[in-house]
Amino acid sequence: MKRASWPVALVSVGVGVAGWWLVADRAGPLLLPRPDAVALALWSERTRLASALYQTGVASLAGLVSAAALGVFAAAVSWFSPTARLSLRPWTVLVQVVPIVAIAPMLVVWLGYGRGVATVTAAIAAFYPVYSAAETGLAAPARDLVDLFRLYGASRWQELFRLRAWAALPALFSGLRTAAGLAVIGAIVGEFIGSNNAPPTLGYTVLFASRGARADLAFAAVIAAGGLALALGAGIVWLERRLIGRWYGG
Amino acid sequence: MLTVAGACWRPDGASIIEGFDLSLEPGRVTAVLGPSGCGKSSLLRLLAGVRALDGGSITGRAARVGFVFQDPALLPWRSVRQNLALPAELGVVTEKGAIEAAIEAVGLGGHADKLPSALSGGQRMRVSLARALLTRPELLFLDEPFAALDLATRREMQRLVLDAHASLGCTTVLVTHDVADAARLADRVLRVDGPPLRVVADVAVSASRPRSPDDVATVVRALECA
Ligand SMILES: Nc1ncnc2c1ncn2[C@@H]1O[C@H](COP(=O)(O)OP(=O)(O)OP(=O)(O)O)[C@@H](O)[C@H]1O
Ligand SMILES: [Mg+2]
């Protein structure tokens, strides 16, 4: 965020919280907890939330990293061989459209309760944006640059590693930023079905708090999940600046 | 002799080049003048062998080919020096010390470690020229290398090209929109139109280089009548 834009964002959040407060006062704590109640829950349940945040964070990150590795690999293979691209298409589309909630129960059967399910659902949610961004990115170099490599008789590998992989980075990072948020959502949906209270997870906490009329705790967990997605996104932006900020867009 | 016989190129079915014939004598500078989109860059790509023909043949290509593309075609993540190291990394033989010499030759001595984004348009074009000359080409293709440059830089670049041509004796093809540049630099000027690409006028220029303003004016007149 630019320096000039954060006061506006702050005012907007302030107005939102004030509105929330007003509505919550009328709705009552079972339907909508007041911001101060959520803040209190964030504090009093901090041990539980921190441990849940850790579990969900690890699952999201592991899912995101696996999705990134698989997505980049699949995109590279697609670039090498049009046949591979065509054979991969139905599967990448499948991964894109499959409802995670629908396959999570099967994952529990295969993997048992625990972080495995959330990691896999996070990876499924994050895969397509990474794959699609990497595929676009590999096709990004200007025609003259490709011709330059042909002129010097570069091999396909040289073209991939010395030209296309680099040229793909800006698109890849924008795909990763989208994928980071989706990985957290995927992990939480996976946890709705594939985790229990040992150890606690954000997904399970939301579910159990809502059922137990602890709307304040559910909201606190949602806020923690939002913070997690923001942190992952910020991590990717940091990496992007370190790796390509020097030559891209500067 | 670089000879094009009945060359055809039809990307996506569009007839950009159809039954095109051309012979280029070794060691000469040929300028190609023509309207935008008529197929000049396409011709250079075919001559350089970076695109495959859909018909006809091109014979007499050299082993070492230099190409200055219409945009400077530098890798933005590499410094000037690293950009110049690319040909060698890709297995093109360059002489030891050639990179430093090329950087000096185009007057970028203080800029070797800068990224392309930190250079002006003219400086980028010089890097591109330096890279093309690095491999001591027998065939040199220049695609509107002076188009985006101010007059002084333009003259400076043209001097560099003529010097390189004189020392390497390379067969050179220069695409340009500027009649005066063509008249100043070339031994032969082709006026083309298209697509499909065709030669409208083929004018030989005999005056020796460097040419006086009078020489240039005479050639320009001849070209405009042709
Ligand atoms: N790879 C390609 N696929 C399809 N069409 C192409 C391709 N390359 C060039 N063309 C078309 O061929 C025509 C000639 O293009 P080219 O770049 O050779 O023109 P040019 O004479 O160099 O023009 P300019 O002076 O604007 O650079 C254009 O209509 C262009 O759209
Ligand atoms: Mg062109």
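Hydrogens, waters and symmetry mates are skipped; everything else that's a heavy atom, side chains included, is used.
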Given the rule in the side chain to side chain contact (heavy atoms under 4.5 Å, CB included) test, do B:V92 and A:L151 qualify, once you have shown the distances and angles that lead to the verdict?
-> CA-CA 10 Å; B:V92 181; A:L151 182 75; over 6 Å; no
If one checks every heavy atom of B:R64 against chain A at 4.5 Å, the contacting part turns out to be neither
Is the CZ atom of A:F192 crowded by more than 12 outside heavy atoms at less than 6.0 Å?
-> yes
Which pairs of donor and acceptor atoms, one on a side chain in residues 222-240 of chain A, lie under 3.5 Å apart (sequence neighbours left out)?
| from | atom 1 | to | atom 2 | distance (Å) |
| --- | --- | --- | --- | --- |
| A:E240 | OE1 | A:R177 | NE | 3.3 |
| A:E240 | OE1 | A:R177 | NH2 | 3.3 |
| A:E240 | OE2 | A:R177 | NH2 | 3.2 |

Which residues from residues 3-27 of chain B are near chain A, with near meaning under 4.5 Å between non-hydrogen atoms?
-> none
So, do B:L86 and A:L148 sit near enough that their side-chain heavy atoms are less than 4.5 Å apart?
-> yes
Taking all non-hydrogen atoms of both residues into account, name the closest pair between B:L75 and A:R162 and its distance.
-> CD1-O, 4.1 Å
Distance (rounded to the nearest 0.5 Å) between A:W166 CH2 and B:R78 CZ = 8.0 Å
From the list A:I244, A:L169, A:L163, the residue making the most non-hydrogen contacts under 4.5 Å with chain B is A:L163
Using the side chain to side chain contact (heavy atoms under 4.5 Å, CB included) rule, take A:D147 and B:F69 through it: C-alpha gap first, then chi angles, then the decisive distance, then the call.
-> CA-CA 9 Å; A:D147 284 347; B:F69 291 90; 3.6 Å; yes
Is it true that atom CD of A:Q96 has more than 12 heavy atoms of other residues, nucleotides or ligands lying nearer than 6.0 Å?
-> yes
Indicate yes or no: at least one non-hydrogen side-chain atom of A:Y152 is less than 4.5 angstrom from one of B:R131.
-> yes
Over all heavy atoms of both residues, which pair between B:R45 and A:D144 is shortest? Give the atoms and the distance, please.
-> NH2-OD1, 3.5 Å
Nearest non-hydrogen partners of B:V50 and A:R150, listed with the distance | O-NH1, 3.5 Å
Taking atom CZ of A:F73 as the centre, does the number of heavy atoms from other residues, nucleotides or ligands within less than 6.0 Å exceed 12?
-> no
With the side chain counted from C-beta on, respond yes when A:R143 and B:D71 share a heavy-atom pair under 4.5 Å apart, and no when they do not.
-> no
Could you have a look at A:G153, A:A142, A:A167 and say which one has the most heavy-atom pairs with chain B under 4.5 angstrom?
-> A:A167
